[in-house]
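Step one of this worksheet: look at the structure below.
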2 protein chains.
Amino acid sequence: MENDIEPGKEITISWLQQGAEVCKESIAGVRDGLYVLKGKWKLRLIVALAGGPLRFKDIQRSVGEISSKILAKELKELELNEFVERKEYPTSPVTITYQLTPYSQSIDKVMHELIVWGIKHRERIVASRKK
Amino acid sequence: MENDIEPGKEITISWLQQGAEVCKESIAGVRDGLYVLKGKWKLRLIVALAGGPLRFKDIQRSVGEISSKILAKELKELELNEFVERKEYPTSPVTITYQLTPYSQSIDKVMHELIVWGIKHRERIVASRKK
DNA sequence: CGGAATCCCAAAAGATACTG
DNA sequence: CAGTATCTTTTGGGATTCCG
């Protein structure tokens with residue numbers, strides 16, 4: 001019996017137990033959600049800006065060694081996703097600041113779940129490697 | 001007044017409003033969480049396996065055009081994260097199946113939040129592009 | 001200062017062939 | 001069938017230079 005090919009306990013993935021259409025939409029939703037946080041820098045930029053508006057150079061200094069090219073790209077993506085707002089002030093020379101939008105808070109719940117799960121998960125995996 | 005450099009509304013990122021230590025741990029948690037779902041295929045593999053155990057070739061057929069090299073790698077990562085279990089049956093030739101573990105359900109809450117947020121987010125962004 | 005342009009490198013993904 | 005080995009392509013990130 002041991003070696004029969006058993007079906008195994010049925011695992012129910014709650015977010016998949018729906019019609020094919022809903023399921024597809026869900027996957028697209030997850031992908032879009034993950035995309036916003038993707039890359040090496042997005043989280044760190046959010047952290048950096050959480051303290052208030054910063055200028056380009058100040059962000060660079062704040063997060064450490066990020067090249068201007070990458071920073072410009074990441075900021076643009078955050079802007080497109082409406083997490084960050086770019087503001088120009090007509091000083092001379094012009095001053096530009098970046099700041100988090102109120103909308104950026106909308107992801108807080110996701111982040112919270114992700115943090116809770118991620119921390120527990122690492123503990124679990126680290127523990128099981130030690131055995 | 002319009003053009004003064006104002007501090008802007010203060011944005012509170014709840015998952016960052018903690019001591020530096022907790023905050024660091026949180027970011028690590030997020031990174032670990034994101035890592036598990038990372039890559040082009042992980043989600044699709046989970047979906048494929050949600051229907052029950054599958055063999056290597058069957059997974060390949062199920063998810064479409066994934067090369068065996070990538071599939072092997074992704075499955076290994078899912079195994080390391082204890083999302084997937086690999087089983088060998090001493091048939092001749094040997095039969096190998098992959099199936100989701102009960103532990104894989106632990107991420108359901110995260111996924112749910114991510115789906116809800118991700119779908120709304122896309123709607124928002126798509127709408128704002130049309131304007 | 002706030003970038004854009006160019007070139008470069010490493011990692012990830014993919015195609016293809018091959019093996020026990 | 002269940003992968004591994006090898007090679008090519010693509011992507012992401014980075015260094016440097018330059019410009020308004």
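Proteins get letters first, then strands, A, B, ... in listed order; numbering begins at 1 in each. None of these values were measured; they are calculated from a predicted model.
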What's the NZ-C1' distance between B:K57 and D:dT4, to the nearest Å? 13 Å
Spacing of B:L71 atom CG relative to D:dG3 atom P, expressed in whole Å: 8 Å
Salt bridge (Lys or Arg N to Asp or Glu O under 4.0 Å) with B:R44: which residues, sequence neighbours excluded? none
Contacts of B:K73 meeting side chain to side chain contact (heavy atoms under 4.5 Å, CB included) (sequence neighbours excluded), chain-then-number -> B:E77
Rounding to an integer number of Å, can you tell me how far B:L75 CG sits from D:dT4 C1'? 14 Å
Output all residues satisfying salt bridge (Lys or Arg N to Asp or Glu O under 4.0 Å) with B:K120, sequence neighbours left out; order by chain, then residue number. none
Donor-acceptor contact below 3.5 Å, side chain B:Q105 vs main chain A:T12: yes
Tell me every residue that passes side-chain hydrogen bond (donor to acceptor under 3.5 Å, both in side chains) with A:S14, counting only those two or more places apart in sequence or in another chain. B:D108
Listed partners of B:R31 passing side-chain hydrogen bond (donor to acceptor under 3.5 Å, both in side chains), at least two apart: none
Please name all residues satisfying side chain to side chain contact (heavy atoms under 4.5 Å, CB included) with B:I115, sequence neighbours left out, ordered by chain then number. A:W15, A:S26, A:V30, B:I119
Kindly state each residue pair satisfying salt bridge (charged side-chain N to carboxylate O under 4.0 Å, His left out) with at least one member in residues 45-72 of chain B, sequence neighbours excluded. B:D58-B:R61
Could I get a table of every N or O pair under 3.5 Å where one atom is in the protein and the other is in nucleotides 11-16 of chain D?
unit_1: D:dG13; atom_1: OP1; unit_2: A:K40; atom_2: N; d: 3.0
unit_1: D:dG13; atom_1: OP2; unit_2: A:K73; atom_2: NZ; d: 3.2
unit_1: D:dG14; atom_1: OP1; unit_2: A:K40; atom_2: NZ; d: 2.6
unit_1: D:dG14; atom_1: OP2; unit_2: A:W41; atom_2: NE1; d: 2.8
unit_1: D:dG14; atom_1: O6; unit_2: A:K69; atom_2: NZ; d: 2.3

First-last contacting nucleotides on DNA chain C - partner chain A, under 4.0 angstrom, heavy atom: C:dC1 to C:dC7
Just report the end-to-end axis angle for the helix from C:dC1-D:dG20 to C:dG20-D:dC1, five pairs per end, to 10 degrees. 30°
Compare side-chain N and O positions of B:R61 against OP1 and OP2 of D:dA2 and report whether any pair is under 4.0 Å apart. no
Identify, with sequence neighbours excluded, every residue that meets salt bridge (Lys or Arg N to Asp or Glu O under 4.0 Å) alongside B:E113. A:K109
If the condition is side chain to side chain contact (heavy atoms under 4.5 Å, CB included), which residues does B:Y103 pass it with, not counting sequence neighbours? A:W117, A:H121, A:R124, B:E82, B:F83, B:T101, B:S106
